[in-house]
Amino acid sequence: MPLLELNEVTIRFGGLIAVDSVDLVIEKGEILSLIGPNGAGKSTVFNLVTGIYPPTAGTITYKEQRLNGKKSYHINRLGIARTFQNIRLFPELPVLDNVKVGRHCRSKASVFGALLRTPAVKAEEKAIEQKALECLELMGLDHKKDEAAKNLPYGEQRRLEIARAMASDPELLLLDEPAAGMNSTEKKVLVEKITSIRDMGLTVFLVEHDMKFVMGISDRVAVLDYGRKIADGSPTEVQKNPDVIAAYLGKEVV
Amino acid sequence: MGLLDGLLPAYYESILITVGIYIILALGLNLITGVTGQLNLGHAAYMCIGAYTSAIMSMHYGMPFIVAILAGGLLAAAFGVVIGYPTLRLTGDYLAICTLGFGEILKSVLYNVPAVGGAMGLAGIPPKTTLTIVFIVMIIVIISMVRVESSRFGRALVAIREDEIAAECNGINATKYKLQMFSLGCFIAGIGGALWAHKIMVLQPRDFGFLKSIEILNMVVLGGLGSIPGTILGATVLTSIPEILRFSSEYRMLLYGALLVAMMIFRPHGLMGGVSFNSIAKRGMRWLKPGDKPDDKPGQKGMGG
Amino acid sequence: MFKTKNLFLLVTFILIAALVAGCGGGQTADKEEGGGAADADVVKIGFLGDLTGDTAVYGQNTLDGMKMAADELNAAGGVLGKQVEIVVADHRYDKAEAANIVQKFINQDKVSAIVGDPTTGVTKATAPISNGAEVVQMSAGATGLGVVEIGPYVFRNTLLDTVGGPATIDYMINELGFTKVALITAVNSDFSVGLSKIFKDAITEMGGEIVIEESLQEGDTDFSGQISNIKNKSPEVIVYSGYYTEGGLLMKEARKQGMADIIMIGGDGLQAPTFWELGGDAVEGSISYCGFSPEQPTEETAKFIADMQAKFNKEADLFNAQGYDALKIICAAMETAGSADPKVFVEALAKTKEYPGVSGVTTFLENQEPVKSPVYLLQVKDQQWTLLKKVPVEM
Amino acid sequence: MLSNLLVQLINGIALGSTYALIALGYTMVYGIILLINFAHGEIFMAGAFVGLMLVTVFKVHIIFAFLGAMLFCMIMGVIIEKIAYKPLRRSTRLAALISAIGVSIFLSNLANLVFGAKPTTFPPTEEILFKIQTYELIAGAQITNLQILTIVTSAVLMVCLQYFIKKSRIGKAMRATSQDYDTAALMGVNVNRIISYTFAIGSSLAAAGGVLVGIYFGVVKYNMGFMVGLKAFTAAVLGGIGSIPGAMFGGLLLGIGEMLAVALGLSSYRDAIAFGILILVLLIKPTGLFGTQIQKKV
C-alpha cells in the first residue's frame with residue numbers, strides 16, 4: 001500500500017489546465033523528487049496535496065483516506081507537513097515560536113485553557129517547547145531561537161521552514177525547492193539533513209530545480225511538463241528518458 | 001466601599017475610570033486587529049451591545065452588577081459569532097467595511113426600537129462602576145491577554161496574521177480561530193461597554209458611532225499593533241490628551257488630527273510596536289509588569305460609589 | 001536599542017506636554033476676557049457643551065449667548081461685586097468626556113454653577129454628578145423627560161414641549177382647519193422623538209388625522225424621498241418636530257417637488273434664522289411656538305438681538321437666547337441670595353418667578369420645571385418671525 | 001404607487017450619481033495605493049465650501065466656481081498625499097489608514113473653526129443658475145431640471161474620466177500602476193507622478209460632487225463629508241473597489257436602494273438598508289459586483 005497516491009488528478013484555472021490527470025505514487029520511506037521546467041505545475045501538485053486547491057478531477061489518497069475536499073489544517077493533522085517555494089514563515093515571530101506554531105496540530109489547549117493556564121496546559125506548553133527545540137537542533141538553528149524569523153539569512157529561513165514542518169511529527173514531508181538560493185556548502189548540509197530525516201522513518205517528497213541536488217538525493221524522480229507526467233523512475237532512468245531531455249532542452253530536439 | 005475609591009480627587013478618579021474602560025476596550029480590539037490582523041472598524045457596536053444589555057439587566061431585572069457585566073460581555077460575544085461567522089472569511093478591507101456597516105446598522109436599528117428608548121436611549125442606569133471595579137476588571141483583562149498571547153492559541157492568531165495560508169498548512173483552522181478570537185474580543189468590548197454604561201448612566205445610540213470605533217482603533221495603532229503594553233499606553237495617552245488639551249477647546253480636535261498624522265509618519269509602528277510584557281520583563285523592567293504594584297491585590301470588591 | 005526606544009517615548013511626552021502647555025496658555029488668556037481678576041474675585045460658571053462634535057452648532061450658540069450675558073454683567077460691575085468668568089470645555093458629544101468635565105468643573109475649577117448642555121442625553125449623564133456635589137446645573141435646552149427629577153440642583157431653562165406642542169396643534173386644527181397631517185420625526189434626535197409623540201397625541205385627541213408618518217436623520221441633506229412619499233398622500237400640512245436645518249431643507253425640497261402652498265408647523269426647534277436662510281421663500285408661512293416674540297419684543301429682547309448682531313455679527317437664535325438667560329437667571333439668584341455658594345443660592349434660584357428673560361418670562365414651579373408664559377405662536381413672514389397668537393399658560 | 005416608485009427611482013439616480021462621483025476618488029486611490037482615503041469625504045466638503053465662497057464672496061459665475069472648486073481640491077488632494085500618505089508608502093497599510101483618519105479629523109475641525117458649526121446656505125438656484133422647473137414624465141412621475149443637471153453633469157464627468165483612463169498616456173500608466181505597482185515602476189512609469197495625478201483627479205471629482213450637492217440641497221456644513229464619504233466608500237466597495245465602472249454602478253445602486261427603502265416607508269432604516277445591501281453583496285460576491293476574483297498565489 002503506497003503512502004500517498006494521486007489518481008488522474010487534474011486542476012483547471014479558468015482555461016488553463018495546470019495539472020493534467022497526473023498519477024503518482026509515493027512509497028513509505030522513500031525520497032521522491034518532482035522535477036520539471038518552470039510552470040510545469042510542480043508546486044500546484046503540492047498545493048493540491050495540502051488542500052490549498054481542491055482538484056477539479058481525480059482523487060488523492062493518503063493512508064487509505066481521500067484528501068479531496070479536506071482542509072489544509074486537517075491534512076496537516078493527518079501527518080503531511082510542507083515548506084513553501086517562496087518562504088512563508090511568520091516573519092515577526094521569533095524563530096522558536098515559528099517552530100512552536102508547527103506543533104499546533106499535536107497539542108490541544110483551548111482558549112479557556114490558555115486563560116486559566118491549568119497544570120495540563122502548562123505541561124503541554126513545556127512539551128511544545130521541548131519539541132520545538134529538538135527540531136531547531138535538528139536543523140542546526142537552536143542558537144538563533146530568540147531572533148525574529150525575518151532577520152535570518154535566506155538559507156537559514158529555508159531550514160527554519162523545515163524545522164517548523166518537522167514539529168508536527170509528520171510522516172510525509174513536502175519540501176518545495178528547499179535548495180533554492182543556497183550555495184554549495186549549504187546544499188551539502190541540506191542533503192545531510194534531508195537524508196537523516198528520511199532515516200528517521202519519514203517519507204520525503206520534494207520539488208526541486210537543481211538537477212545535481214535531485215539526482216544525488218532521490219530514490220525516485222518524477223517529471224512534469226505542461227501539467228502532465230512524462231516520466232517516473234530512478235534518477236538514472238529519468239536522465240536518459242528522451243521526453244525529459246526534450247522537455248528541458250526544447251521540442252526541436254525530438 | 002472599594003479599596004481605591006475616594007483616594008483621589010473626584011476629577012482624577014473620573015478620568016482614571018475612563019482610561020481604565022478604554023484600556024479594556026482597546027485590548028479587545030488589539031486582539032482582533034493587532035494580534036490577528038483583522039481590521040475591525042465597528043468595535044463600538046459590540047461595546048454598545050454590552051452597554052445596553054447590562055443596563056437592561058440592572059434596570060429591569062435588578063441583576064447584581066457582576067451578572068450584568070457578564071451578560072453584556074456574553075451577548076456581545078454572541079453577536080460577534082453571528083457577525084463574524086459569515087464575514088470573517090472576507091479579507092482585509094472588505095472585512096473592515098463589513099464591520100463598519102454592522103456598526104451603522106446596529107445604530108440605525110436602535111434608533112427604531114422603542115423598547116430601548118430609540119434616540120432618547122436608556123437613562124437612569126445605576127452608577128455602579130467604581131475605580132476599584134474598573135481596576136480589577138482591567139487587571140483581569142490584561143492578565144488574560146498576556147496569557148493568550150503566550151499560549152498556543154495566541155501563537156496561532158499571530159500566525160494567521162502573518163501568513164494565513166502557511167498557518168493553515170501548519171494545522172491551524174484559521175476560520176475557527178478567527179471566530180473564537182473575534183468573539184473573545186467582542187466579549188471584552190461588551191464588558192467595557194457594561195462598565196461604560198454604569199459610569200455614564202445614560203445610553204444613546206449615537207454614543208456608539210463610527211467615530212467611537214475609530215477612537216479605539218487609534219489607541220491600538222498609536223500604542224503599537226499587537227503590543228499589549230503599547231495598547232495600554234495608547235489608551236492612556238489618547239484618553240488623557242483631550243483632557244490635557246481641554247483648555248484649547250476649539251483647537252483640540254484639530255491638534256488631535258494633526259498629531260495622528262505626525263505620529264504615523266514618524267513612528268508608524270506605534271509608540272511601543274513589537275514590545276510585549278515578556279520582552280519588557282526580559283529586560284528587567286519589573287516596574288511595568290502587572291502584579292508588581294501593591295494596589296494590585298484588592299481585598300474586596302467595591303460596590304457603589 | 002531599548003535606550004533609543006525610551007528616549008523616543010520621553011521626547012514624545014515632552015512634545016505633548018509642551019504642546020499642551022502652549023495651547024493651555026493661549027486659551028486661558030482667551031477665556032478671561034472679563035478681566036484678569038484673581039480667583040477670589042470671580043464667580044466661575046462652567047459651560048458644558050459640544051463645540052466640535054455632532055451637536056456643535058447648539059453648543060457654540062449657547063456659549064455665544066452666555067458670553068454676551070457675562071460681558072454685560074461684568075460691564076455693569078459683575079455679580080456680588082465680582083467678575084463673572086465662564087470656564088469653557090468641549091465634550092464633542094462624548095458623554096464620558098462630559099462626565100469628566102463636570103467633575104473638573106466641580107473639583108478643579110470650583111465653579112458656582114454649570115450652564116449646559118442643550119441636549120437631554122448629556123444632561124442626564126452629567127446632572128447626577130453636579131447634583132450629588134451640590135452644584136447647580138442648568139441646562140439651556142434639554143426638553144426631554146426626567147431631567148429636573150434628578151435632584152434639587154438641576155434646572156432647565158427652556159419652553160417645555162408639553163405646553164407649546166398642544167397649543168400649536170390646537171391652533172392648527174381649530175383655527176387654520178388643517179386636519180390631514182404629515183408628521184415627520186428626526187429619529188436620531190431625542191428632542192424630535194419626544195416632541196413627535198406630543199404632537200401625535202394632540203393631533204389624534206383634537207380630531208386630526210395623520211395621513212403619513214415619515215422619518216429622517218438629523219444631519220442628512222437629501223429628503224427627496226420623504227417628500228415624494230408625502231406628496232403622494234396629499235396632506236394639508238407638514239408637522240415637523242426637529243430642528244431648523246432639516247426643517248428648512250424639507251420645505252425647500254417640498255417646493256422643488258411642486259408642493260406650492262403647503263406650510264410647516266413645528267416646535268421651537270425651528271426658531272433660528274437658519275430656517276429661512278436654508279428654506280428661503282419655501283418656509284414663508286411656517287408656524288412654530290416660542291417663549292418670546294421678536295415682533296413685540298420686550299426691551300431686553302430687542303437689546304439682546306441688537307447686541308448679538310453687533311458682537312457676533314449674526315442673528316440671535318433660540319440657543320443664544322437660552323444660554324444668555326440661563327447665565328443671567330443664575331446670577332440674579334446669586335444676587336438675591338447674596339452668595340455665590342450653590343448651596344445657598346439654589347433656594348433663591350428655585351423661587352425665581354416671572355423672570356423677564358430674552359427667551360420668555362420664566363417661572364420655576366415647585367418641582368423646578370420652568371414655565372414660560374405666555375407661549376407665542378409665530379409665523380414666518382418676509383423672512384422674520386411675526387406674532388400670530390399669544391397663548392397664556394396656566395400654572 | 002407606481003408613479004411614486006418612479007419618482008423615487010429618479011431621486012435615487014440623482015443621489016446615486018453624486019455618490020458615484022465621490023466613490024470614483026475612493027476607488028482610484030484604492031486601486032493604486034490600496035489606501036482607504038478617509039479624508040476624501042472632507043475634500044468633498046472642502047469643494048462645496050470653495051464653490052460657495054467663490055459664488056458668494058467673489059461673485060464668480062457658478063460655472064467658474066465649479067471649475068475653481070475642482071482646481072482647488074485638485075491641489076489640495078495632491079498636497080495631502082505628499083504630506084500625509086507619501087511618507088507612509090512603505091509602512092503598514094493600517095498606519096496609512098490612521099493617517100488618513102487624522103487628516104479627515106483635522107480638515108473637518110478646520111472647517112468647523114473657519115465656518116462654524118452652523119450650516120451655511122448656498123444662494124438660491126434661481127439666482128445662480130435657473131429657476132427650478134418640474135417636467136412630467138410618464139405615469140405622473142416628475143423630474144426637475146436640477147435633477148437633470150446633477151445627473152447629466154455627473155455622467156459627463158464620468159464619461160470623460162473613463163475616456164481619459166482608457167485612452168490617455170497617463171490613464172494607461174494609472175491602470176498599469178494599479179495592476180502591478182512594482183512592475184510599473186520598473187517599466188519606467190513615474191509612480192509618484194501617477195499617484196499625484198490619481199489624487200488630483202479623484203479630488204477634483206469629489207469637489208465637483210461637493211458643488212453639485214451644495215447646489216442641489218442648498219446647504220454646506222463642516223461635517224457633511226463624513227456620512228457622504230462613508231456612503232460613497234460603501235458604493236465603491238459595492239461595485240468592486242478598484243473598478244471605475246464598479247464605482248459608478250455601486251453609487252447608483254446605493255442611491256436607488258436608499259430611495260426605494262424610503263418609498264417602502266422604511267426611511268428611518270435608510271442607513272441600515274444601505275449598509276445591509278453592502279454586506280449582502282460582499283457575502284455573495286466578496287470582491288464586489290465588478291471586482292475581479294484574484295486567485296490566491298501560493
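Keep in mind it's a predicted model, so treat the numbers as computed, not measured. Order of the sequence lines fixes the chain letters, A, B, ..., with proteins taken first and strands second; residue numbering starts at 1 for each chain.
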* Return the option, out of C:Ala272, C:Gly225, C:Ala56, C:Gly280, with the maximum number of heavy-atom pairs under 4.5 Å with chain D. =>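 Between C:Ala272, C:Gly225, C:Ala56, C:Gly280, the count favours C:Gly225.
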* Is it true that C:Asp220 and D:Lys231 make a salt bridge, defined as a side-chain N closer than 4.0 Å to a carboxylate O? ->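 A salt bridge is absent here (no side-chain N lies under 4.0 Å from a carboxylate O).
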Does [Y] offer a backbone N or O that forms a donor-acceptor pair with the side chain of [X] under 3.5 Å?
| X | Y | result |
| --- | --- | --- |
| C:Ser228 | D:Val7 | no |
| C:Lys256 | D:Leu146 | no |
| D:Thr121 | C:Leu278 | no |
| C:Asn229 | D:Gln8 | no |

* **Portion of D:Tyr222 that has a non-hydrogen atom of chain C nearer than 4.5 angstrom** =>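 For D:Tyr222, side-chain heavy atoms alone lie under 4.5 Å from chain C.
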* Toward chain C, the part of D:Thr144 with a non-hydrogen atom under 4.5 Å ->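 Answer is side chain: those atoms of D:Thr144 sit under 4.5 Å from chain C.
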* Evaluation steps, side-chain contact (heavy atoms from CB on, under 4.5 Å), between D:Asn112 and C:Gln60 -> CA-CA 10 Å; D:Asn112 183 2; C:Gln60 289 177 4; 2.9 Å; yes
* Between chain C and each of D:Asn223, D:Leu15, D:Ile10, count heavy-atom pairs under 4.5 Å; write down the option with the most. =>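 Of D:Asn223, D:Leu15, D:Ile10, D:Leu15 has the most heavy-atom pairs under 4.5 Å with chain C.
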In the structure I gave you, are the side-chain heavy atoms of [X] and [Y] within less than 4.5 Å of one another anywhere?
| X | Y | answer |
| --- | --- | --- |
| D:Asn109 | C:Arg92 | no |
| D:Met259 | C:Gln226 | no |
| C:Thr221 | D:Met227 | no |

* **Portion of C:Glu213 that has a non-hydrogen atom of chain D nearer than 4.5 angstrom** =>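 For C:Glu213, no heavy atom lies under 4.5 Å from chain D.
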Spacing of [X] atom [atom1] and [Y] atom [atom2] [to the nearest 0.5 Å]:
| X | Y | atom1 | atom2 | value |
| --- | --- | --- | --- | --- |
| D:Thr120 | C:Glu277 | OG1 | CD | 9.0 Å |
| D:Tyr216 | C:Glu253 | OH | CD | 5.5 Å |
| D:Leu113 | C:Thr52 | CG | OG1 | 9.0 Å |
| C:Ile227 | D:Asn11 | CD1 | CG | 10.5 Å |
| D:Phe217 | C:Ser224 | CZ | OG | 6.0 Å |

* To do: Give a yes or no on this: more than 12 heavy atoms of other residues, nucleotides or ligands lie within 6.0 Å of atom CZ of D:Phe249.
  =>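 It does not: D:Phe249 CZ has 12 such atoms or fewer within range.
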* Shortest non-hydrogen separation from D:Ser267 to C:Ser215 and the atoms involved ->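 Result for this residue pair: OG-O, 3.1 Å.
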